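The next block holds one structure in the form of structure tokens; read it before the comments.
All values reported here derive from a predicted model rather than from experimental measurement.
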Amino acid sequence: MNYERGGIAFTGCFFLGIGMGMWAGDTAAGTMIGMGVGFLAMALFGKCGSE
């Protein structure tokens, strides 16, 4: 599996979630949403390019 791209996607989604949560006034919810989207992106990118 290609964990390199998946890890970058997870980290990006994680920090975007934190930033959006801070902007909306609920950092914890933004973090959880960012992590959820990040894990989905990591699973998607991890399967792409694997043989």
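Under the 4.5 Å side-chain heavy-atom criterion for Ile, Leu, Val, Met, Phe, Trp and Tyr, F15 and I33 are members of distinct hydrophobic clusters. Hydrophobic clustering (side-chain heavy atoms under 4.5 Å, transitive across Ile, Leu, Val, Met, Phe, Trp, Tyr) groups I18 together with F10. Linking Ile, Leu, Val, Met, Phe, Trp and Tyr whenever their side-chain heavy atoms come within less than 4.5 Å leaves M20 and F14 in two separate clusters.
Note: D26 CG to M32 CE = 10.5 Å, rounded to the nearest 0.5 Å.
Contact of the L40 side chain with the L44 side chain is not registered, since no non-hydrogen atoms from C-beta on lie closer than 4.5 Å.
Annotation for A41 and A9: closest pair CB-CB, 3.9 Å, computed over non-hydrogen atoms.
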